[in-house]
*Asks:* 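One structure, pasted below without further comment.
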Amino acid sequence: TGTAHRAWGPGIELEDLSSPAAVETSMRNFIERNQLLIGVDNADLQLRNAGYMPKTDTWYVQFDRFENGIPVIGGGVTARIRFGKHILLGVDTYPQASGVGTTPELGSRGATQQAMIQGPAPEANHTDHSATLALLPQEGHFGLGFRLVWEVRIATSEPVGKWVSHVDAFTGELVNVYNEVRFFEGQITGTHDLRTVNGDTETSVLI
């Protein structure tokens with residue numbers, strides 16, 4: 001992508017870490033000073049979260065990458081700030097997304113229909129529809145490219161699924177689909193105290 005992917009070290013002092021808003025300002029100042037490292041400017045980044053963990057004196061900061069107001073899937077900047085110092089930087093900003101067309105030819109309703117028809121459960125009852133535009137990075141024969149897609153979210157009860165589909169916003173092609181519901185088959189055992197006062201334990205199946 002032409003940018004750093006991960007960088008870490010003994011730490012860089014930041015101006016003000018007294019609140020989430022102050023942390024955002026300090027990080028944006030850092031981004032402005034290091035734009036060649038980040039690959040995009042502050043206007044292309046939106047703060048998702050600035051959370052503080054008092055036990056370890058650590059801030060966890062996440063910015064999402066946008067192009068013309070449209071999110072780049074998997075794109076953004078992450079930071080870890082510990083003991084008042086910026087110690088870890090993650091950069092997945094995809095500068096090449098700049099200039100990619102962001103005006104769809106297919107509407108959200110058409111994209112939702114294609115997601116249902118081409119998806120893994122076309123005969124199911126689909127509920128909880130939503131569709132938002134996004135830019136999907138893709139590796140190809142000629143390097144990194146981007147597709148404007150509709151990210152369609154649909155639920156089904158049979159089969160059980162919370163489906164996330166990426167539908168090409170020009171051709172209607174279903175590019176990718178996955179289920180956010182996770183399934184597990186097997187047996188879980190655990191070691192626990194016996195129902196006595198002698199401190200003995202046993203391992204048994206957990207129900």
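These numbers come from the heavy atoms of this one structure, side chains and all, not from hydrogens, waters or symmetry mates.
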*Asks:* Measure from the side-chain N and O atoms of Arg48 to the backbone N and O of Gln62, and report whether any donor-acceptor pair falls under 3.5 Å.
*Replies:* no
*Asks:* Can I get a per-line list of side-chain donor-acceptor pairs under 3.5 Å for residues 182-194, giving both atom names and the distance, sequence neighbours left out?
*Replies:*
{"residue": "Arg182", "atom": "NH1", "partner": "Asn179", "partner atom": "O", "Å": "2.3"}
{"residue": "Thr191", "atom": "OG1", "partner": "Thr203", "partner atom": "OG1", "Å": "2.8"}
{"residue": "His192", "atom": "NE2", "partner": "Ser204", "partner atom": "OG", "Å": "2.7"}

*Asks:* I'd like to know if the side chain of Gln118 and the backbone of Gly172 have a donor-acceptor N/O pair within less than 3.5 Å.
*Replies:* yes
*Asks:* Do Val91 and Val23 share a hydrophobic cluster (ILVMFWY, side-chain heavy atoms under 4.5 Å, transitive)?
*Replies:* yes
*Asks:* To the nearest 0.5 Å, what is the distance between CG (Asp64) and CG (Leu45)?
*Replies:* 8.5 Å
*Asks:* Please lay out, stage by stage, how Val164 and Glu151 fare under the test side-chain contact (heavy atoms from CB on, under 4.5 Å).
*Replies:* CA-CA 7 Å; Val164 180; Glu151 185 172 271; 3.8 Å; yes
*Asks:* Between Ser165 (side chain) and Ala115 (backbone), is there a donor-acceptor pair under 3.5 Å?
*Replies:* no
*Asks:* Restricting to non-hydrogen atoms, name the atom on Pro10 and the atom on Lys85 that form the minimum distance, rounded to 0.1 Å.
*Replies:* O-CD, 3.9 Å
*Asks:* Among the clusters formed by ILVMFWY side chains lying less than 4.5 Å apart, do Phe170 and Leu106 turn up in the same one?
*Replies:* yes
*Asks:* Give a yes or no on this: more than 12 heavy atoms of other residues, nucleotides or ligands lie within 6.0 Å of atom CG of Leu36.
*Replies:* no
*Asks:* Please determine whether residues Val149 and Tyr178 belong to a single hydrophobic cluster, defined as Ile, Leu, Val, Met, Phe, Trp and Tyr linked transitively by side-chain heavy-atom distances below 4.5 Å.
*Replies:* no
*Asks:* Quick one: are Met116 and Glu123 in side-chain contact, heavy atoms under 4.5 Å?
*Replies:* no
*Asks:* Between the side chains of Arg28 and Glu24, is the shortest nitrogen-to-carboxylate-oxygen separation below 4.0 Å, so that they form an ion pair?
*Replies:* yes
*Asks:* Is Trp150 linked to Val100 within one hydrophobic cluster, defined over Ile, Leu, Val, Met, Phe, Trp and Tyr using a side-chain heavy-atom separation of less than 4.5 Å?
*Replies:* yes
*Asks:* When rounded to the nearest 0.5 angstrom, what is the spacing between CD1 in Ile31 and CG in Asp41?
*Replies:* 9.5 Å
*Asks:* Does the side chain of Leu136 come within less than 4.5 Å of Val175's, by heavy atoms?
*Replies:* yes
*Asks:* Enter the distance from Phe30:CZ to His86:NE2 here, rounded to the nearest 0.5 Å.
*Replies:* 5.0 Å
*Asks:* With no hydrogens and no angle check, is any side-chain donor or acceptor of Thr171 less than 3.5 Å from a backbone partner on Asp168?
*Replies:* no
*Asks:* Keeping Asp44 on the side-chain end and Val40 on the backbone end, is there a donor-acceptor pair under 3.5 Å?
*Replies:* no
*Asks:* With distance as the sole criterion, is a donor-acceptor pair present between the side chains of Trp163 and Thr156 under 3.5 Å?
*Replies:* yes
*Asks:* Would Val152 end up clustered with Leu133 when hydrophobic side chains under 4.5 Å apart are linked, directly or stepwise?
*Replies:* yes
*Asks:* Are more than 12 heavy atoms, taken from residues, nucleotides or ligands other than Glu202, located less than 6.0 Å from that residue's CD atom?
*Replies:* yes
*Asks:* I'd like to know whether CD of Glu15 has more than 12 heavy-atom contacts from other residues, nucleotides or ligands below 6.0 angstrom.
*Replies:* yes
*Asks:* Taking the side chain from Arg65 and the backbone from Tyr94, do they hold a donor-acceptor pair closer than 3.5 Å?
*Replies:* yes
*Asks:* Thr58 side chain to Thr56 main-chain N or O, any donor-acceptor pair under 3.5 Å?
*Replies:* yes
*Asks:* Hey, could you give me the NE2/OG distance between His126 and Ser157, rounded to the nearest 0.5 Å?
*Replies:* 10.0 Å
